[in-house]
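Below is one structure; the comments refer to it alone.
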Amino acid sequence: MSRRVIVVGGGMAGLVTAIAAAERGAQVTALEAGPAVGGSMAISGGLVWSPATLEDARRWIPRGDERLQRIVVDEIAPGWEWLESHGLPLHPKATCMKHGFGHGRLMAMGDVGARQPFADTMAASARELGAEVVVSARVTGVSRDGEHWTVTWTGDGGEHGAEAEAVVFAAGGFHNSKELVSRFITTYPEELVIRGNRQSDGVAIRSLTPLGAELSRDMHSFYGHTFPWAKGHEWDTKDFLPATMFYTDYCVLLNQLGLRFKDESVGVVDEHSAQVGSRQPGGRYYTVFDERIRRDYVDADLVGIPGLPTTATAYRIGKLEQFGTKILKADDIDSLAAAMEREFDVPAVNILDSIKTFNEASDPIRDLEPPRRESHTPLVEAPFWAIPSVAAITYTMGGLRVNEDMSVRGLGGTVFAAGADAGNVYEDVYGGGLGWGLVSGRRAGAAAAGEPAPVGVAAAGAAAA
């Protein structure tokens, strides 16, 4: 008799889970809280990537769970093939991120920031296999009675419920929950810009930790980027790409006190800048750079993200000003510091001390605190800029602690997590969210259906047969 499986979430991880369970004969119901499937995937760049090797993953993300990193590295390529076998086309593989850290394949449906066609095709594939995919279904409760789980949700004007032998949470993390964000990430949750979907609010954590589920160790980490601070601006998904300051890891970052607060070069793009920046006084910080950095990084092609529309622009800073950001420009550092004190109440004397110390460091690892491991070039070429900045969060990296079959620790092996709800594959530094959603979703779907973890397309097809 086939298993009944309920999947909470209809983004990349949730839809992969639903397909993987349904192709193994499970009776699947997938519940998406939003009005359409896709989650953050639908508004993403669409690059399905992972670290290229386990050695790369351990070097760049040493605090992540090595077991889970081995899974994503080993299973990303079979996962790409599996997507294509379900009518989900991808562009050829390309090297991505700093120093060739990752490799990925770009979705060949939809466009950057508009991947709804890919999500809709995934949902259609799940339905063709017999899965029920329900939108506008917000889960309100999960309970257990012997060998069965009951999931309740609101939608279509009423309350609904269903029983299942297995439940998979793939609901996208907790970035929309100010309570959980303030508990785990920053005391300034109201300053965070939401750069992902508007539904993921920690339903997995809220539902399962009271039942004994364990949390992963990286609850403070999230994937996101630096945005310009623009008072009163209502951020829309169309703003996400032009607003993202991918280049902060080549700049100097100062907090409200005028002090450097991190090694700006840490991260595969600027995700670590956003994480640490979100915890600075007032939840704000300032991105400072000179003409060389503007020319080489700010207004240049974006580095390491193949397939995105990153052609060089004469004045990318101007796009930020269109959001209402007050960007400062000066002919010398003294004048810039004075302007920052006047406009933003940042102490000029601290700014000057921070920049002077940075510029004069002969050994940026030993002479600077925090150190600068890469891209230490003094700010000396006029003019100079300062952009008031704020962190934008796409999804949280911390979540439920899972075993290798994606079962949630502490709940006996019939509740699973995938994607952002399965925590600690990455910590501090990002390694690819869509790739992890793909790989973890395939594993969770197979295990929820009572089958072994998948390896490649052939293995999945054999299991379905």
Side-chain angles (χ1 to χ4, degrees), residues 49-66 69 95-102 184-186 192 195 216-227 244-255 259-281 283-289 293 296-298 302-305 354-355 357-359 361 363-379 387 389-398 423-433 436:
W49 74 280
S50 79
T53 67
L54 181 61
E55 290 73 23
D56 288 325
R58 300 310 300 154
R59 182 168 65 253
W60 283 77
I61 319 173
R63 285 159 53 112
D65 189 321
E66 183 174 355
Q69 291 174 352
T95 299
C96 59
M97 306 304 154
K98 290 179 183 174
H99 308 305
F101 164 61
F184 294 117
I185 293 174
T186 175
L192 278 174
R195 189 182 176 273
S216 66
R217 55 164 279 170
D218 62 333
M219 300 302 293
H220 65 282
S221 295
F222 65 86
Y223 171 59
H225 294 286
T226 296
F227 266 31
T244 299
M245 297 165 62
F246 291 101
Y247 41 82
T248 61
D249 47 341
Y250 296 98
C251 301
V252 171
L253 300 181
L254 304 177
N255 62 19
L259 306 176
R260 286 183 65 243
F261 55 87
K262 72 176 296 287
D263 180 343
E264 298 90 341
S265 67
V266 172
V268 296
V269 273
D270 75 315
E271 77 283 3
H272 195 252
S273 297
Q275 290 176 50
V276 183
S278 75
R279 295 187 270 273
Q280 297 311 299
R284 282 212 219 119
Y285 50 108
Y286 300 86
T287 302
V288 180
F289 54 92
I293 293 172
D296 293 349
Y297 298 105
V298 178
L302 302 182
V303 176
I305 309 177
S354 294
I355 299 299
T357 301
F358 182 85
N359 284 352
D363 183 336
I365 294 180
R366 297 183 61 183
D367 296 350
L368 294 178
E369 178 55 45
R372 179 72 168 240
R373 293 172 179 82
E374 291 189 344
S375 305
H376 174 257
T377 304
L379 306 186
I387 301 177
S389 305
V390 67
I393 185 170
T394 302
Y395 80 89
T396 46
M397 293 193 221
N424 201 215
V425 62
Y426 313 128
E427 184 170 353
D428 300 325
V429 175
Y430 177 58
W436 175 237

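When reading the values below, keep in mind they use all heavy atoms of this one structure, side chains included, and skip hydrogens, waters and symmetry mates. Treat the numbers as computed from the prediction; the structure is a model and nothing was measured.
- When atom types are taken as modelled, the side chain of Gln280 and the backbone of Ser278 share no donor-acceptor pair closer than 3.5 angstrom.
- By the 4.5 Å heavy-atom criterion applied to side chains, Val425 and Asp65 are not counted as neighbours.
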### Task
Could you walk me through whether Thr287 and Ser389 pass side chain to side chain donor-acceptor pair (under 3.5 Å), step by step?
CA-CA 7 Å; Thr287 302; Ser389 305; 2.9 Å; yes

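- Taking the six-membered ring wherever Trp is involved, the centroid distance between the rings of His272 and Tyr430 does not fall below 6.0 Å.
- Contact annotation: the side chain of Ile365 never approaches that of Arg372 to less than 4.5 Å [non-hydrogen atoms, C-beta and beyond].
- For the pair Arg63 and Arg58, the minimum side-chain heavy-atom distance is 4.5 Å or more.
- Each of Asn255, Leu368, Val288, Leu254 was evaluated against Ser354; a single residue qualifies, Leu254, per the side chain to side chain contact (heavy atoms under 4.5 Å, CB included) test.
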### Worked verdict on Arg279 versus Ile185 for side chain to side chain contact (heavy atoms under 4.5 Å, CB included)
CA-CA 8 Å; Arg279 295 187 270 273; Ile185 293 174; 3.8 Å; yes

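- Heavy-atom minimum distance, Ala391 versus Ala274: CB-O, 3.2 Å.
- A donor-acceptor contact shorter than 3.5 Å links the side chain of Asp218 to the backbone of Asn424.
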### Message
Using side chain to side chain contact (heavy atoms under 4.5 Å, CB included), reason through Asp428 and His220 one step at a time and then give a plain yes or no.
### Response
CA-CA 8 Å; Asp428 300 325; His220 65 282; 2.9 Å; yes

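- With hydrogens and angles left out, the side-chain atoms of His99 and Glu374 include a donor and acceptor closer than 3.5 Å.
- Here the CG-CE distance, from Leu253 to Met245, works out to 8.5 Å after rounding to the nearest 0.5 Å.
- Within the 3.5 Å criterion, the main-chain N or O of Thr226 finds a donor-acceptor partner in the side chain of Asp270.
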### Task
Run the numbers on Arg195 and Thr244 for side chain to side chain donor-acceptor pair (under 3.5 Å), then give the verdict.
CA-CA 9 Å; Arg195 189 182 176 273; Thr244 299; 3.2 Å; yes

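- Glu264 CD to Lys262 NZ: the interatomic distance, rounded to the nearest 0.5 Å, is 6.5 Å.
- Between Tyr286 and Ile387 the shortest side-chain heavy-atom distance does not fall below 4.5 Å.
- A cation-pi arrangement is found for Lys98 relative to Tyr250, the charged atom lying closer than 6.0 Å to the ring centre and inside a 45° cone about the ring normal.
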#### Entry: Arg59 vs Phe101, side chain to side chain contact (heavy atoms under 4.5 Å, CB included): CA-CA, chis, key distance, verdict
CA-CA 10 Å; Arg59 182 168 65 253; Phe101 164 61; over 6 Å; no

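- The two atoms that bring Ala392 and Phe227 nearest to each other are CB-CD1, 3.6 Å, heavy atoms only.
- Shown here for Arg217 and Glu427, the closest heavy-atom pair between the two residues is NE-OE1, 3.1 Å.
- Note that OG of Ser265 is 10.5 Å distant from NE2 of His376, once rounded to the nearest 0.5 Å.
- Within the 4.5 Å cutoff, the side chain of Tyr297 has no heavy atoms near those of the Phe246 side chain.
- Asn359 places a side-chain heavy atom less than 4.5 Å from the side chain of Leu379.
- Distance check: Ser221 OG to Tyr426 OH gives 12.5 Å after rounding to the nearest 0.5 Å.
- The shortest distance between side-chain heavy atoms of Val276 and Tyr285 does not fall below 4.5 Å.
- Separation of atoms CG (Asp263) and CZ (Arg373) is listed at 4.5 Å; rounding is to 0.5 Å.
- Val298 places a side-chain heavy atom less than 4.5 Å from the side chain of Phe289.
- Aromatic pair Tyr395/Phe222: centroids not less than 6.0 angstrom apart.
- Annotation: Tyr223 is in aromatic contact with His225 [ring centroid separation under 6.0 Å].
- Summarising the geometry of Pro51 relative to Gly431, their closest heavy-atom pair is CD-O, 3.3 Å, with the distance given to 0.1 Å.
- Rounding to the nearest 0.5 Å places CD1 of Ile393 at 5.5 Å from CG of Leu192.
- Annotation for Val390 and Gly283: closest pair CG2-O, 3.8 Å, computed over non-hydrogen atoms.
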